Amino acid sequence: MYLIEQKRLLERLRAVLQENYDIQAATLAIEQPPEIRFGEYALPLAFELARRLRKAPRKIAEEIVAALGEVPGFAGFEVAGAGYINARLDRPAAAQSLAAASTVSAPEHPIHALVEHTSINPNKAAHVGHLRNAILGDTFVRLLRAAGQQVAVQNYIDNTGVQVADVVVGLMHLEGLTLAGVQALMARLQQEQQRIDYYCWDLYARTSQWYEADPEQKQARKQLRLDTLHAIEHGGNDTAAIAELVSTAVLRRHLETMLRLGIEYDLLPRESEILHLHFWDAAFELMKAGGVLYLEAEGKNKGCWVMKRAGAEAVTDGPDEDAKVIVRSNGTVTYVGKDIAYHLWKFGLLGKDFGYRPFFEYPGHRCWITAETGDPDHPHFGGAQAIFNVIDSRQADPQANVIEALRGLGFTRQAANYTHFSYEMVALTPRCATELGYEVSAEDAARPYIEVSGRKGFGVKADDLIDRLIAATQAEVDSRHPELPLAEREDTARQIAVGALRYFMLKFTRNTVIAFDFKEALSFEGETGPYLQYAVVRTRSIFRKADTTPEQSLADIHGIDTAPFLNGEEGDSIWQVWLRAAKTTLLLEQCIETAEPSYLARHAFQLAQDFSNFYRKHHILTEANPDRKKLLLATAAVAQRELIRSLALLGITAPEVM
RNA sequence: GGGCGAGUAGCUCAAUCGGAUAGAGCACCGGCCUUCUAAGCCGGGGGUUGUGGGUUCGAUUCCCGCCUCGCCCA
């Protein structure tokens with residue numbers, strides 16, 4: 001509703017500017033007045049025109065208001081302040097229209113988008129940083145789908161990388177296990193119901209320390225690490241089999257952890273297939289032919305295949321010492337090289353495809369994994385028109401280089417539709433680190449936050465956090481609603497815990513470092529998920545007691561004259577809820593355009609606040625005037641509808657009671 | 001050395017393309033449960049937006065210098 005009126009107003013304004021001043025305005029700024037009593041839209045355009053027209057802003061604003069005349073859906077326009085034009089909606093009409101529906105206009109040609117998120121090295125348990133990634137990515141998927149786009153969700157698995165190699169070194173050389181020994185270990189862990197990702201968390205940290213522990217052995221151990229990595233990359237040996245076994249088991253644990261938060265994937269592309277299906281060879285040929293790669297003849301990169309770094313100037317005299325090495329002089333391909341090949345595949349430009357086989361079953365949905373020879377009957381993957389890579393900001397440089405390679409190959413459209421969905425890391429506050437029993441140096445204690453490190457085993461595991469959240473919400477629910485059956489209390493506690501966690505990860509803008517603290521994350525008051533859920537629960541209670549439904553209440557205001565109840569200060573306090581509720585679609589569009597889910601989180605919070613204010617001020621069930629009561633019920637209904645809708649976009653559900 | 005990001009209330013964060021009195025939450029103080037759920041609501045104190053210039057009707061926002069912190073690259 002809000003967007004439609006906004007577009008109509010701007011169209012009319014453009015026409016007025018054209019007719020009266022012969023001005024073609026491409027973009028017109030539109031805001032909301034500081035207080036709702038001034039109207040719903042504020043236009044500062046008279047200020048901009050003042051100079052051009054050599055007139056006082058107020059005078060221009062008055063002329064424009066006179067020229068606007070009657071605009072359908074609007075009650076009037078007025079000049080305010082030094083020259084603002086404030087627009088007032090026809091509130092009763094707007095309420096009727098919002099009550100009828102809140103729709104998103106479906107795109108004419110839905111985009112085939114590919115969102116990649118989570119992408120945890122399968123060598124240890126997921127931690128809070130991975131949670132931020134997965135929750136951001138999953139939320140963005142929900143936003144795109146709500147806007148009518150076709151979205152495939154991928155979780156990239158680096159199963160042949162150095163991190164997996166470290167755990168394999170730990171198993172084989174610290175624990176002295178063979179392939180059969182590792183199989184026995186995994187069986188034992190399963191029998192004892194121990195999480196293998198937790199076991200690897202500790203082993204990975206131990207192995208990392210072991211490399212450095214003995215100065216005399218340091219060189220030999222680093223060589224062992226390198227040999228192990230190469231054996232894994234090559235495949236077809238026991239070392240690779242151990243890597244496959246362990247990384248796949250850890251991967252399954254990651255999928256289970258994320259499923260606790262309602263996060264699912266369509267495909268798990270693995271590095272092992274990128275290697276074994278020789279994706280790089282195809283990309284190498286394309287890049288050589290396209291002139292993107294060249295063999296450096298002199299300087300420090302002599303003998304390497306390099307490309308111009310993203311954003312760098314072309315070097316004409318001598319070697320480009322700043323160039324990005326793609327193939328080292330010993331013939332090995334760098335990570336960026338493999339990533340370029342993978343991204344050519346994502347856009348359907350590589351001329352090669354993976355094999356696929358089923359890997360994980362969700363209720364009503366199957367997740368596939370790549371394979372050298374797969375199931376012949378599989379869905380189509382890749383070939384996206386737009387891609388979004390949810391990767392932390394530290395990867396900005398390699399991401400830029402992949403985009404640069406695409407552009408260099410002439411795939412400018414694809415390069416333009418490649419979004420590095422960047423976000424800052426989750427770190428721990430020094431207090432949190434101390435609380436967890438880690439030793440904190442004096443230097444670290446003085447910092448606002450300390451970076452999480454899997455190598456040091458330093459961090460908060462995702463499942464531990466979820467477990468703690470559930471324990472805390474369970475205690476609250478049990479004490480508030482002892483009369484409910486256990487299953488219902490558990491389900492309620494789970495929903496609140498998930499709501500608290502998801503909202504916590506979404507309330508910050510992407511480029512803010514989150515300094516994680518249990519006190520804040522386990523808070524259920526104020527700007528938190530449970531606050532939003534509580535607002536919904538209150539509306540549910542109203543409809544239960546009123547013996548009606550939100551749908552019926554929205555239908556019931558059709559035909560009544562709501563105008564007497566939507567004016568003045570009293571009316572403003574009701575209208576505020578409608579106005580906020582009307583903006584959900586606008587916020588959805590803004591979130592997609594800016595790739596910033598936090599705006600919607602904030603919107604949902606503000607709507608919950610508006611409703612809470614309204615709820616306190618107007619007692620619905622005891623309202624004497626029947627028409628006014630209908631409006632109040634419809635207000636609660638529209639608040640509930642848009643809250644549930646906004647929360648769903650954030651991946652949060654609201655329980656029946658709490 | 002080069003690149004990117006950040007610096008706003010005691011703390012954690014917002015602030016749409018440059019707009020009206022810079023807003024929330026937490027913490028603190030004081031009120032509100034016999035009326036739809038107090039995981040709530042109302043009120044209060046709390047700001048030289050790191051710093052010095054510039055641009056203009058108007059700057060937290062844009063430009064330049066400096067300081068501090070974080071990340072990335074060699």
Side-chain angles (χ1 to χ4, degrees), chain A residues 26-35 38 42-48 50-51 56-58 80-84 86 300-301 309-312 321-325 392-401 422-425 427 429 446-451 473 476-477 479-481 496 499-500 504 507-517 519-520 523-535 537-546 586-587 590 593-594 596 598-599 601-602 605-606 608-609 611-623 632-633 636 657-658:
Chain A
T27 54
L28 285 171
I30 190 156
E31 307 158 11
Q32 216 186 302
E35 287 182 55
F38 296 146
L43 300 149
L45 80 163
F47 298 108
E48 289 169 49
R51 181 170 212 167
R58 257 199 97 88
Y84 280 94
N86 288 338
K300 63 175 182 179
N301 295 331
R309 187 175 293 279
E321 294 287 273
D322 192 41
K324 181 73 197 169
V325 175
D392 76 68
S393 61
R394 289 170 293 192
Q395 300 286 331
D397 195 55
Q399 285 290 299
N401 285 318
S422 167
Y423 66 96
E424 276 290 346
M425 62 181 171
T429 62
R447 297 181 202 276
Y449 52 82
I450 312 169
E451 192 175 347
T473 53
E476 286 289 330
V477 174
S479 74
R480 284 163 200 255
H481 299 284
I496 298 170
F504 178 78
K507 70 193 247 189
F508 302 94
T509 50
R510 285 185 289 120
N511 60 0
T512 297
V513 176
I514 298 180
F516 181 86
D517 197 290
K519 188 168 163 289
E520 269 189 72
S523 162
F524 307 136
E525 288 167 19
E527 196 191 344
T528 65
Y531 175 90
L532 310 194
Q533 293 169 316
Y534 190 66
V537 165
R538 279 176 148 177
T539 61
R540 294 201 205 281
S541 183
I542 292 166
F543 294 112
R544 247 193 328 269
K545 294 257 164 93
L586 171 72
L587 266 296
Q590 283 180 352
E593 194 156 334
T594 54
E596 182 52 271
S598 73
Y599 297 151
R602 185 159 297 272
F605 172 64
Q606 287 171 335
Q609 265 190 330
F611 172 75
S612 295
N613 278 308
F614 160 82
Y615 176 88
R616 180 70 181 173
K617 198 172 163 92
H618 305 280
H619 203 271
I620 300 169
L621 297 183
T622 54
E623 172 59 42
L632 294 180
L633 275 168
V657 296
M658 65 186 282

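Source: prediction; values computed, not measured. Below, chain A is the first sequence line, B the second, and so on; all start at residue 1.
- Straight-line distance from the CD1 atom of A:I496 to the P atom of B:G40: 12 Å, rounded to whole Å.
- Rounded to whole Å, the P atom of B:C36 lies 48 Å from the corresponding atom of B:A6.
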Please tabulate the protein-to-nucleotide N/O contacts below 3.5 Å involving nucleotides 14-17 of chain B, giving atom names and distances.
{"from": "B:A14", "atom 1": "OP1", "to": "A:T509", "atom 2": "N", "distance (Å)": "3.1"}
{"from": "B:A14", "atom 1": "OP1", "to": "A:T509", "atom 2": "OG1", "distance (Å)": "2.1"}
{"from": "B:A14", "atom 1": "OP1", "to": "A:T512", "atom 2": "OG1", "distance (Å)": "2.4"}
{"from": "B:A14", "atom 1": "O2'", "to": "A:R602", "atom 2": "NE", "distance (Å)": "3.1"}
{"from": "B:C17", "atom 1": "N4", "to": "A:L28", "atom 2": "O", "distance (Å)": "3.2"}

Extract from the structure each pairing of a protein N or O with an N or O of nucleotides 69-74 of chain B at less than 3.5 Å, listing the distance.
{"from": "B:G70", "atom 1": "OP1", "to": "A:R447", "atom 2": "NH1", "distance (Å)": "2.5"}
{"from": "B:A74", "atom 1": "O3'", "to": "A:K300", "atom 2": "NZ", "distance (Å)": "2.2"}

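- Put simply, CZ on A:F524 is 19 Å from P on B:A38, counting in whole angstrom units.
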Open item on the list: Could you walk me through whether A:Y534 and A:S612 satisfy the side-chain contact (heavy atoms from CB on, under 4.5 Å) test, starting with their C-alpha distance in whole Å, then the side-chain angles of each, then the deciding distance to 0.1 Å, before giving a yes or no?
Closed with: CA-CA 10 Å; A:Y534 190 66; A:S612 295; over 6 Å; no
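- Place A:T622 and A:G81 on RNA chain B by their nearest nucleotides, and A:G81 ends up nearer the 5' end.
- Taking atom P on both B:U55 and B:C64, the two are 15 Å apart, rounded to the nearest angstrom.
- Looking at heavy-atom distances under 4.0 Å, A:A636 makes no contact with the nucleic acid at all.
- For A:Y615, the side-chain contact (heavy atoms from CB on, under 4.5 Å) partners are A:R538, A:I542, A:F611, not counting sequence neighbours.
- With sequence neighbours left out, the side-chain contact (heavy atoms from CB on, under 4.5 Å) criterion links A:V325 to A:N301, A:C304, A:V306, A:R328, A:T334.
- Checked against salt bridge (Lys or Arg N to Asp or Glu O under 4.0 Å), A:R309 has the following partners two or more places apart in sequence or in another chain: A:D322, A:D397.
- Spacing between B:G52 and B:A59 at atom C1', rounded to whole Å, works out to 15 Å.
- Classified by its glycosidic torsion, B:C57 falls in the anti category, the angle being over 90° from 0.
- Nucleotides B:G5 and B:C28 are separated by 38 Å at their P atoms, to the nearest Å.
- Taking atom CZ of A:R51 as the reference point, atom P of B:G58 lies 10 Å away to the nearest angstrom.
- Across the C1' atoms, B:U12 and B:C73 are found 31 Å apart, a figure rounded to whole Å.
- One interatomic measurement links the two molecules: CG of A:L632 to C1' of B:U35, which rounds to 15 Å at whole-angstrom precision.
- A:E520 has no carboxylate O lying under 4.0 Å from a charged side-chain N of A:K507, or vice versa, which leaves the two without a salt bridge.
- For the salt bridge (Lys or Arg N to Asp or Glu O under 4.0 Å) test, no residue two or more places apart in sequence or in another chain qualifies with A:E31.
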Open item on the list: side-chain contact (heavy atoms from CB on, under 4.5 Å), that's the test. Do A:E424 and A:F508 meet it? Break it down for me.
Closed with: CA-CA 10 Å; A:E424 276 290 346; A:F508 302 94; over 6 Å; no
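- Counting only distance, with no hydrogens or angles, the side chain of A:R58 and the backbone of A:G81 share a donor-acceptor pair below 3.5 Å.
- By the rule that a glycosidic angle within 90° of 0 means syn, B:C33 counts as syn.
- Judged as a side-chain contact (heavy atoms from CB on, under 4.5 Å), and not counting sequence neighbours, the contacts of A:A82 are A:F47.
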Open item on the list: Can you give me the dot-bracket string for RNA chain B, 5' to 3', counting Watson-Crick and G-U wobble pairs with both distances under 3.5 Å, using [ ] for crossing pairs and | for partners on another strand?
Closed with: (((((((..((((.....[...)))).(((((.......))))).....(((((..]....)))))))))))).
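- When each of B:C36, B:C57, B:A38 is scored by its nearest atom to the side-chain atoms of A:H619, the top-ranked nucleotide is B:C36.
- Rounded to an integer number of Å, the gap from CD of A:E527 to P of B:A27 is 14 Å.
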Task: From CA spacing to verdict: side-chain contact (heavy atoms from CB on, under 4.5 Å), A:L633, A:F543 - done: CA-CA 8 Å; A:L633 275 168; A:F543 294 112; 3.9 Å; yes
Got a list of protein N/O to nucleotides 41-44 of chain B N/O distances below 3.5 Å?
{"from": "B:C41", "atom 1": "OP1", "to": "A:Y531", "atom 2": "OH", "distance (Å)": "2.7"}
{"from": "B:C41", "atom 1": "O3'", "to": "A:N613", "atom 2": "OD1", "distance (Å)": "3.0"}
{"from": "B:C42", "atom 1": "OP1", "to": "A:N613", "atom 2": "OD1", "distance (Å)": "2.2"}

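- Look at CD on A:E35: it is 12 Å from P on B:A20, rounded to the nearest Å.
- No engagement by A:P57 is indicated, since no non-hydrogen atom pair under 4.0 Å with the nucleic acid exists.
- Spacing between B:U60 and B:U21 at atom P, rounded to whole Å, works out to 12 Å.
- Every side chain to side chain donor-acceptor pair (under 3.5 Å) that A:T429 has, sequence neighbours left out, goes to A:D517.
- Every side-chain contact (heavy atoms from CB on, under 4.5 Å) that A:A500 has, sequence neighbours left out, goes to A:L469, A:F524, A:P530.
- With sequence neighbours left out, the side chain to side chain donor-acceptor pair (under 3.5 Å) criterion links A:S422 to no other residue.
- Taking atom C1' on both nucleotides, B:G31 is separated from B:U49 by 33 Å, rounded to a whole Å.
- Here A:V477 lies in heavy-atom contact (under 4.0 Å) with a base.
- In this structure, CG of A:N401 is placed 12 Å from C1' of B:G3, rounded to the nearest angstrom.
- The gap from the P atom of B:G58 to that of B:A38 amounts to 50 Å, rounded to the nearest Å.
- The distance between atom CG of A:N86 and atom C1' of B:A20, rounded to the nearest whole Å, is 9 Å.
- The backbone N or O of A:T509 sits nowhere less than 3.5 Å from a side-chain atom of A:E596 that would complete a donor-acceptor pair.
- Ring-plane geometry between A:F605 and A:Y531 is classed as tilted, the angle between the planes lying from 30 to 60 degrees on a 0 to 90 degree scale.
- Within a 6.0 Å sphere centred on CZ of A:R51, heavy atoms belonging to other residues, nucleotides or ligands number 12 at most.
- Nucleic acid contact class of A:A80 (heavy atoms, under 4.0 Å, all strands): base.
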